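Position 1 is the first residue of the sequence; numbering continues from there. Side chains included, hydrogens not; waters and symmetry mates left out as well; all remaining heavy atoms used. Everything numeric in this text was worked out from a predicted model, so none of it was measured.
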Amino acid sequence: MADDDFVKACRSGGIRAVNDLVTKKFGTGNGLVHALESMEKTDLWRIKWHYADGKPDFGAVIEYLGDD
C-alpha cells in the first residue's frame, strides 16, 4: 500500500483528508476494511473500528503516529 500518499494527505489536510483518500481509493465494505487493516498493521495509523457480528465492517483513521 502506498503509505506515502496517506502521509502526504495527513500532512496537507489532516485526518479528514486521509479518510477521504482511503474511501476514494478503496470504496466501502471489504475493500475499505482490508485497506484500513493494512494501514493499522504498519503501526503508523490508529483506526477506530465498528464491528458487526464480531468482525469489523467499517472503520476510520483517527490518528497518525509517525510524526513523533
Side-chain angles (χ1 to χ4, degrees):
M1 179 177 303
D3 282 325
D4 290 345
D5 291 339
F6 299 115
V7 172
K8 288 177 189 174
C10 187
R11 290 180 178 155
S12 67
I15 294 299
R16 178 179 224 147
V18 176
N19 283 305
D20 289 346
L21 179 59
V22 77
T23 301
K24 180 180 176 183
K25 282 187 156 194
F26 299 102
T28 59
N30 289 336
L32 177 64
V33 169
H34 179 69
L36 292 174
E37 287 173 335
S38 295
M39 290 174 75
E40 188 174 51
K41 287 178 184 175
T42 68
D43 292 328
L44 293 175
W45 303 97
R46 197 163 65 147
I47 310 298
K48 177 152 178 83
W49 293 104
H50 178 270
Y51 291 89
D53 299 322
K55 295 181 180 182
D57 68 340
F58 183 78
V61 176
I62 59 172
E63 187 175 12
Y64 176 60
L65 304 169
D67 284 336
D68 290 336

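Remark: Leu65 CG to Thr42 OG1 distance equals 8.5 Å, nearest 0.5 Å. Annotation: the span from Phe26 atom CZ to Met39 atom CE amounts to 8.5 Å, rounded to 0.5 Å.
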Criterion side chain to side chain contact (heavy atoms under 4.5 Å, CB included) on His34 and Asn30, from CA distance to verdict
CA-CA 6 Å; His34 179 69; Asn30 289 336; over 6 Å; no
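Contacts of Glu37 classified as side-chain hydrogen bond (donor to acceptor under 3.5 Å, both in side chains), with partners at least two apart in sequence or in another chain: none.
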Please list every donor-acceptor pair under 3.5 Å in which a side-chain atom of residues 54-63 meets a protein atom from a residue at least two apart or in another chain.
{"unit_1": "Asp57", "atom_1": "OD1", "unit_2": "His50", "atom_2": "ND1", "d": "2.6"}
{"unit_1": "Glu63", "atom_1": "OE1", "unit_2": "Arg46", "atom_2": "NE", "d": "3.0"}
{"unit_1": "Glu63", "atom_1": "OE1", "unit_2": "Arg46", "atom_2": "NH2", "d": "3.1"}

Show me the donor-acceptor pairs, under 3.5 Å and distance only, between side chains in residues 10-17 and residues at least two apart or in other chains.
{"unit_1": "Arg11", "atom_1": "NE", "unit_2": "Asp67", "atom_2": "OD2", "d": "3.3"}
{"unit_1": "Arg11", "atom_1": "NH2", "unit_2": "Asp67", "atom_2": "OD1", "d": "2.6"}
{"unit_1": "Ser12", "atom_1": "OG", "unit_2": "Lys8", "atom_2": "O", "d": "3.1"}
{"unit_1": "Ser12", "atom_1": "OG", "unit_2": "Ala9", "atom_2": "O", "d": "3.4"}

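Nearest heavy-atom pair, Val33 versus Trp49, reported as atom, atom and distance to 0.1 Å: O-CH2, 3.7 Å. When all heavy atoms are compared, the tightest approach of Val22 to Ala35 is CG2-CB, 4.1 Å.
A tilted orientation is assigned to the rings of Tyr64 and Trp45, their planes being inclined by 30° to 60°.
In this structure, Thr23 contributes its side chain and Asp20 its backbone to no donor-acceptor pair below 3.5 Å.
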